[in-house]
Amino acid sequence: MTGLVGRGVARVDGRAKVTGAARYAADHEIPGMLHGHLVLSTVARGEITELDTSAALALPGVVAVLTHRDLPPLRVPSFPYLKGFVPMQDTRVHHSGQPVAHVVAETPEQAREAANLVRVRYRAERPTAHLAHALDEAFLPPLFRDEPNEFVRGDAGAALEAAAVRVEQDYSSPMMHHNPIEPHSSTAVWDGNSLTLYESAQGIVFTRRVVSIAFDLPEANIRIISPYLGGGFGAKGPTWSHTLLNAAVAREVGRPVRVTLTRAQMYTMNGHRAEYRRNLRLGATREGRLTAIVDTSTAQLTRTDHGVYNTSESTLRLYDCPNVHVRQLGVRLDLPSSSYMRSPETTAHFGLETALDELAHELGVDPVELRIRNHASADPHSGEPYSSKHLLDCYRIAARAFGWARRDPRPGSMRDGNVRVGWGMATETHTFSAIQSNVELTVDVDGRATLRAATQEIGTGTYTVITQVAADELGMPLEHVTTLLGDTAYPDAALSAASATVASVIGPVSQAAQDARKAVIALAVADPRSPLHGVPAEDVVAERGYLFARGDRGRRDSYRGALARHGRPVIVTGSRLNSSGHSYGAVFVEVRFDPRLATLRVSRVVTAYDPGRVLNHRTAHGQVIGGVTWGIGFALMEHTMVDPHTARVVNPNLSTYLVPVSADTPSVESFFVDRPDKGSTALGARGFGETPGTGVPAAIGNAIFHATGRRLRDVPFTRDKLL
Amino acid sequence: MRNFGYTVARTPADAVRTAAGIANSTFVAGGTDLLNLMRDGAETHDHLVDLNRLDLDDVTLDGQTLRIGALARMRGVAEHPRVRREFPVLSEALLASASPQVRNMASIGGNLSQRTRCGYFRDPGSACNKRDPGSGCPAVTGRNRGHAILGGGDHCIATHPSDLAVALTALDATVRLLGPDGARSVPIADFYLLPGTTPDRETAARPGELITRVDVPRTRVAADSRYLKLRDRATFEFAVVSVAAALRTRGRVVRDVRLAFGGIGTRPWRDTRVEAALLGRPLTEAAIGEAGRVLVRDADPRTENGFKVELVQRALASVLNELGGKR
Ligand SMILES: Cc1cc2nc3c(=O)[nH]c(=O)nc-3n(C[C@H](O)[C@H](O)[C@H](O)COP(=O)(O)OP(=O)(O)OC[C@H]3O[C@@H](n4cnc5c(N)ncnc54)[C@H](O)[C@@H]3O)c2cc1C
Ligand code: SF4
């Protein structure tokens, strides 16, 4: 152990990324490769009646145009394939922007132009595009991945009836899109019955399973390669239809084919945050103890699947409330399938944290104090104790750093000239998963280590923290450890979604590194040629690539020396289970509002977190900056506009789908409690990726209320709602 | 995106001649709008005539006229010291446009000729009278938060996106054109057309006519001008509502005022009745309020853009108060 863990070391892949050496999915050069381009439906519901590919086929460079008439049957895979159907298998159209043809040409430009020339006629039916148009058809969807959509604890109805104080409100949010900068790309290379995919994937092991089901191929015949990702935010967690269609097309044409989605196609091909409404009813005592929560949400579903991704997890588990009734309803609309997007629990959490602020105001209790009074010291739903939880510290640390004690609670009371200043806060929380993971660690004859795992780097710093942990346990300098990820040729490891990577992978990494260190030390002490010969193994320590006898540092060997003498690599594997859980934090926000032009700015954000042990302070802070920035986007601007008549996305580009720019985002302060969670086998680290940002939309809305006295419950909080 | 031919023009006359001789050709300058339109399939051209070598990038102030070459870049004009000092509204409008990268590439002629950001227009999978005459206007009953409240009709309610055009409209600029039939000048007020029943025709430029430069009269009021742009994020976005204003007062009495608006009209919006409501009167809350009401008297808001009626009046008041010395 050399104290590397926790240190904010710079990204080990930083240089490769800024110099362009890093190969993203669409960068791999494959000899003989063709380029595909998808033709997407222009109607949202109906039948294809005519498909004329002749003009497209006549274009120079075009090799093939495939449609439902040409593709072999593909089986509809299970999770994480989220669509209820595979496109281009029949004439049915389920949503606008659904693939109806796949053009293959020698160059991407030829393919794209030919795609414009494919003529499709439809018998169109009237689609339903918005929740408001079908609320009376809301229903309780059946189990999804074995999880119910209704939860009952105690008797919430009766408790609400009996409550001294009640808050009842509706909260809503529109459809939103992930918008990673790197578009989805898939390159299929067949060799007989074996398939290699160069893929932009957040979960290569899962992608392999989906492809295996669709093509009825053994997993052993499939290799997925995804060494770098230009952002995913959940959009690349599931496997989407373009991957399956492109692989089928590549097999048909007998050559490697690459398909890369356009930005506009990314608004119908790879999921989104569903349009969502929620009715929340809180009951409390005069002292502010929650006695009842009745939570009824309605999310957009499709006619072909019924996944609810924006679960009411925080209603169920965040606060110590004895009576809870959660119902997650859905409405079937003629839209693409929704999916997990950037901290999916934010969608519901926004309503809960806003409602709590309303309750605090109603009771005249400070919003932080209200949360402290309802703090859960054991899981309120299961009754299980936490292995560790320092949320109360988070409130205290962030509140102090923010200066919360100086807050005048009266709305509109804090001013700076014409500008109204508002201070708001919220609890941040998200679940994390833990997925069975394995790694392989090789110490080579040159004394350097290589770690291999079929997890992937999605931009959060996975290469870096894995390398840190391995180097630390091995007692090697960081530069002596190389981490290789993003290839299913390596041992199966976690999906990089559901905040699962660190929680799942770090345990196996640290175990493998410890075992490798022990194995090399055992070699050294058993080797008469080693200066350490005969020293008890437990008295040997490893530091910076050297092995010392404790107490006699003159007796020194090295990984390099031991391995050179051994003459062949030492290979160990690591595999360790972890359990899922929650990470917690608190966010405090200052907004400045100029009522004359209804101009709003987020001027200050202070956060504090309990993610268990922090493995790298720099990447953890980076995650906070990212989460807060997306939280600002969710609160103030993000909004996919769907035409009410055609159910077609109207703003499928980054010039009209707004995400925050730097000027919208103040510098963000973050503090970490940084105490290992004894219950986590990942060196005490919990999953943290999705926790930052979850409270930001509510904190901003709460700050707006404090600045203006106006309560907004429908995001985004655009200027028109503040006039 | 379709393959296209490409010619580099050496002189303005050469550019016009080449374009006239090749069917379905158009000019390209910075390419920051045109190439997006072509990639998206909202426009198709078989041939591009590249203007970037033309000797039309000068910005000069001689006598009473500011002359801005059509190939001057947005950045160069915005940072020109005399533009900043004597025509601040032009500089501010440009600096509030797009991003530094786009402003380095984009030309003044291209800026004035850019197409609307209406999402239906830019999506060949949607109907749109402007892109495909006669196909209908889905915005009228669809998603129209960004659309115009003035100057529209059931055929089209798209706004013109250029901030610069709004500022130039306030300052009575003149657009200089060169076409196969020779050179001519069009006052900017006549350059942008109302959609009427032919929203596909946006400007008075005839097919194949080249913008060679823009002339802006040098006036005292232009030096007391500013551009206020309101949008849904801090930078890098088109206007939700904008105001270009120039104001001279003596005492509190308005001696000269020029006003044009972006984000609310189907063209850069100027209504001289608004200026008349202020001219010769003290710049009071009442006068400003009256001017605002005149501005929106004929407003025809749709399902989602009604807030612009209120917002533009507040923006007008804010900019006048600021120019009038009252914050
Ligand atoms: C992300 C983004 C954000 C933007 N934000 C803003 C904004 O906030 N405000 C704003 O005002 N603009 C904004 N713009 C638009 C930008 O200002 C225009 O794209 C740019 O000014 C066009 O200039 P260009 O030289 O690149 O034109 P090109 O793209 O080369 O051409 C555009 C059109 O002008 C024609 N054309 C070009 N030069 C001439 C000429 N001399 N005579 C006749 N026709 C000509 C071309 O044929 C073409 O039809 C934004 C653009 C982008 C991409
Ligand atoms: S508003 Fe104009 S540009 Fe937009 S869809 Fe209607 S006709 Fe087309």
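Residue numbers start from 1 in every chain, and the chains themselves are labelled A, B, ... in the order their sequence lines are given, proteins ahead of strands. Computed from a predicted structure; not experimentally measured.
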**Report entry** Euclidean distance, A/Thr107 OG1 relative to B/Asn3 CG, rounded to 0.5 Å
**Finding:** 7.5 Å
Query raised in the report: Hey, does B/Leu228 have a side-chain heavy atom less than 4.5 Å from the side chain of A/Leu597?
Result: yes
Query raised in the report: Highest number of heavy-atom pairs under 4.5 Å with chain B: which of A/Gln110, A/His37, A/Glu109, A/His645?
Result: A/His645
Requested in this report: Go through the steps for A/Arg648 and B/Asp123 under the test side-chain contact (heavy atoms from CB on, under 4.5 Å), then give the verdict.
Outcome: CA-CA 10 Å; A/Arg648 201 169 161 78; B/Asp123 169 22; 2.7 Å; yes
Query raised in the report: Counting heavy-atom pairs under 4.5 Å to chain A, which of B/Arg231, B/Lys308, B/Arg122 comes out on top?
Result: B/Arg231
**Report entry** Euclidean distance, A/Thr656 OG1 relative to B/Asp232 CG, rounded to 0.5 Å
**Finding:** 11.5 Å
Query raised in the report: At a heavy-atom separation under 4.5 Å, does B/Thr141 approach chain A through its side chain, its backbone, both, or neither?
Result: both
Query raised in the report: How far does CZ of B/Arg233 sit from CG of A/Leu658, to the nearest 0.5 angstrom?
Result: 5.0 Å
Query raised in the report: Given side chains that start at C-beta, do those of A/His639 and B/Arg145 come closer than 4.5 Å, heavy atoms only?
Result: no
Query raised in the report: Roughly how far, to the nearest 0.5 Å, is OG1 of A/Thr640 from CZ of B/Arg143?
Result: 9.5 Å
Query - Value rounded to 0.5 Å, distance of CZ in B/Phe307 from CG in A/Leu722 - result: 11.5 Å
**Report entry** Residue among A/Arg263, A/Lys721, A/Met637, A/Arg601 with most heavy-atom pairs under 4.5 Å to chain B
**Finding:** A/Met637
**Report entry** Straight-line distance of B/Asn144 CG to A/Met641 CE, nearest 0.5 Å
**Finding:** 9.5 Å
Query - Any donor-acceptor pair under 3.5 Å from B/Arg2 side chain to A/Asn116 backbone - result: no
Query - Contacting region of A/Thr646 [heavy-atom separation from chain B under 4.5 Å] - result: neither
Query raised in the report: Under a 4.5 Å heavy-atom cut-off, does chain B meet the side chain of A/Val43, its backbone, both or neither?
Result: neither
Query raised in the report: Does atom CZ of B/Arg302 have more than 12 heavy-atom neighbours from other groups under 6.0 Å away?
Result: yes
Query raised in the report: Considering only heavy atoms from C-beta outward, does the side chain of A/Arg719 approach that of B/Leu311 to under 4.5 Å?
Result: yes
Report summary line: Nearest heavy-atom contact between B/Ala234 and A/Ala663 is CB-CB, 3.6 Å
Query raised in the report: Passes side-chain contact (heavy atoms from CB on, under 4.5 Å), A/Leu723 versus B/Arg314? Steps please.
Result: CA-CA 10 Å; A/Leu723 272 178; B/Arg314 292 213 207 168; 3.9 Å; yes
Query raised in the report: Given side chains that start at C-beta, do those of A/Thr262 and B/Arg39 come closer than 4.5 Å, heavy atoms only?
Result: no
Query - Closest-packed option against chain B by number of heavy-atom pairs under 4.5 Å, given A/Asp643, A/Thr42, A/Leu117 - result: A/Asp643
